[in-house]
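Notes for the one structure printed next.
Everything numeric in this text was worked out from a predicted model, so none of it was measured. These numbers come from the heavy atoms of this one structure, side chains and all, not from hydrogens, waters or symmetry mates.
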Amino acid sequence: MKRKKKKENSAFWSNLIWLVLFFVAAILMLWSVKQKQANVTGELLINVADLPDGNNLMNKGDVLERLEKSFVMGLSGLPIGALDVEKIEAVLEDDPFVKDAEVFITAKNKVHIEIKQRVPLLRVIDGIGEHYYLDETGRKMPLSDHFTAKVLVATGAIPPHIPDFLEKPKHALRDLFRLTNRILKDDFLEPMVAQIHRDEKGNFTLVPIVGNQNIVFGPYEEVEDKFFRLEQFYIKAVPYTGWNKYRTINLTFKNQVVCEKR
């Protein structure tokens with residue numbers, strides 16, 4: 001009987017010790033968190049990742065200026081617990097040049113900001129003379145004070161940009177965007193075409209980098225067939241006639257490539 005009572009006392013004290021240790025660990029953890037939150041933020045470190053071509057449409061100064069406009073008190077010297085990381089990221093990602101922003105605090109309380117830029121796909125000069133870029137998602141971007149992206153240029157009868165143009169089946173800007181993507185995905189045409197022009201009737205004309213001819217593409221329809229005929233023409237005919245023999249190369253006639261000589 002005594003032995004049984006002794007075992008029960010031993011188990012009681014063992015459980016009590018573990019319970020005390022658990023509460024001590026929890027208190028220490030809470031104290032550590034509160035101490036961390038009571039600390040203030042230190043140096044602000046900003047990194048803007050380069051575009052694929054090594055250039056930048058924005059720099060650290062642009063990021064800092066954006067932060068100063070939105071956070072008057074600044075981000076350095078704040079209690080860490082008062083730093084709203086999600087809000088900072090949202091403010092930065094609202095910038096038309098920013099695709100993604102990551103904000104985090106290091107063990108030494110430094111505030112790191114990593115910026116990924118949007119990549120320009122097309123430069124548009126629309127029907128009212130507004131200049132802007134479109135990125136790979138169709139997002140409108142202003143021109144940069146730091147760098148002019150070497151991308152396809154679109155001109156002519158192009159309506160003003162609207163945020164949901166890709167959801168409009170008959171929108172001219174949607175056809176232009178799709179045509180641009182098709183050109184850029186084509187290993188043969190991508191290095192050849194410099195400009196896309198749209199007339200009032202919705203017909204597209206491609207202006208190549210090499211040669212003085214225009215390629216009359218017509219409306220955005222039968223796209224694959226038109227590109228196939230154009231590629232075959234350049235592969236089979238141009239090596240014999242030369243780049244400058246024709247004024248226009250017309251793809252609007254079915255199963256034909258009709259050329260106008262100079």
Side-chain angles (χ1 to χ4, degrees), residues 12-123 131-151 161-167:
F12 169 79
W13 287 109
S14 178
N15 290 335
L16 182 61
I17 291 171
W18 281 111
L19 186 63
V20 170
L21 289 175
F22 171 79
F23 278 110
V24 169
I27 291 169
L28 288 174
M29 186 178 295
L30 289 172
W31 179 82
S32 177
V33 170
K34 288 184 178 180
Q35 284 295 105
K36 181 70 174 178
Q37 291 179 339
N39 289 334
V40 296
T41 57
E43 185 181 2
L44 179 63
L45 303 175
I46 300 172
N47 178 57
V48 179
D50 292 341
L51 292 171
D53 61 4
N55 292 292
N56 289 292
L57 298 173
M58 66 185 309
N59 58 27
K60 295 179 182 179
D62 298 322
V63 177
L64 192 58
E65 183 179 352
R66 183 102 182 170
L67 292 172
E68 288 173 348
K69 288 180 179 178
S70 301
F71 303 95
V72 180
M73 299 300 293
L75 300 182
S76 297
L78 290 176
I80 289 179
L83 196 70
D84 191 337
V85 169
E86 290 184 0
K87 183 178 180 180
I88 299 169
E89 291 176 345
V91 165
L92 293 173
E93 289 172 359
D94 191 50
D95 188 291
F97 289 129
V98 177
K99 182 177 182 179
D100 183 64
E102 295 288 338
V103 180
F104 57 94
I105 312 296
T106 68
K108 295 183 179 180
N109 296 343
K110 294 181 179 181
V111 182
H112 277 253
I113 297 178
E114 296 287 335
I115 299 293
K116 185 177 181 180
Q117 300 178 83
R118 293 185 177 276
V119 180
L121 191 77
L122 175 71
R123 178 171 178 172
H131 294 234
Y132 61 88
Y133 294 119
L134 290 178
D135 78 347
E136 64 266 30
T137 67
R139 172 85 177 257
K140 183 180 180 182
M141 303 165 56
L143 301 186
S144 170
D145 294 332
H146 308 298
F147 172 68
T148 300
K150 295 179 181 179
V151 294
H161 180 277
I162 57 174
D164 62 343
F165 76 89
L166 288 175
E167 300 172 16

Inset, instruction - Give the C-alpha distance, both sets of side-chain angles, the deciding distance and a yes or no for side chain to side chain contact (heavy atoms under 4.5 Å, CB included) between Leu134 and His161. - result: CA-CA 10 Å; Leu134 290 178; His161 180 277; 3.6 Å; yes

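- Residue pairs meeting the salt bridge (Lys or Arg N to Asp or Glu O under 4.0 Å) criterion with at least one member in residues 111-121, sequence neighbours excluded, are Arg118-Asp135.
- For the atom pair OG1 (Thr148) and NE2 (His131), the distance works out to 11.5 Å, reported to the nearest 0.5 Å.
- Remark: the backbone N or O of Asn56 is not paired with any side-chain donor or acceptor of Gln117 at under 3.5 angstrom.
- In terms of heavy atoms, Ser70 sits closest to Val91 at OG-CG1, 3.3 Å.
- Closest approach of Thr137 to Leu166, counting heavy atoms only: O-CD1, 3.5 Å.
- Exactly one of Val48, Leu44, Val85, Asn47 qualifies for a side-chain contact (heavy atoms from CB on, under 4.5 Å) with Ile113. That residue is Leu44.
- The line from CG of Leu75 to CD of Glu68 is 9.5 Å long, rounded to the nearest 0.5 Å.
- Side-chain contact between Leu83 and Ile88 is present, with at least one heavy-atom pair separated by less than 4.5 Å.
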Legend entry - Check against side chain to side chain contact (heavy atoms under 4.5 Å, CB included), Leu121 and Val151: CA-CA 6 Å; Leu121 191 77; Val151 294; over 6 Å; no

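- Evaluation of the ring pair (Phe, Tyr, Trp, His ring centres under 6.0 Å) test over residues 61-117, restricted to residues two or more places apart or in two chains, returns Phe104-His112.
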Legend entry - Criterion side chain to side chain contact (heavy atoms under 4.5 Å, CB included) on His146 and Asp62, from CA distance to verdict: CA-CA 10 Å; His146 308 298; Asp62 298 322; 2.7 Å; yes

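- A pairwise comparison of heavy atoms in Met141 and Tyr132 identifies O-CB, 3.3 Å as the closest pair.
- Within 6.0 Å of NZ on Lys140 lie more than 12 heavy atoms contributed by other residues, nucleotides or ligands.
- Looking at every heavy atom in both residues, Met58 comes nearest to Val98 through SD-CG2, 3.7 Å.
- Scanning both residues, Leu92 and Ala101, for their nearest heavy atoms gives CB-CB, 3.8 Å.
- Scanning for side chain to side chain contact (heavy atoms under 4.5 Å, CB included) contacts around Glu43 gives Leu45, Lys110, with sequence neighbours left out.
- Taken from CD1 in Ile46 to CD1 in Ile115, the straight-line distance is 7.5 Å, to the nearest 0.5 Å.
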Legend entry - Check against side chain to side chain contact (heavy atoms under 4.5 Å, CB included), Val40 and Asn109: CA-CA 7 Å; Val40 296; Asn109 296 343; over 6 Å; no

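- The two residues Arg139 and Glu93 make their nearest non-hydrogen contact at NH2-O, 4.3 Å.
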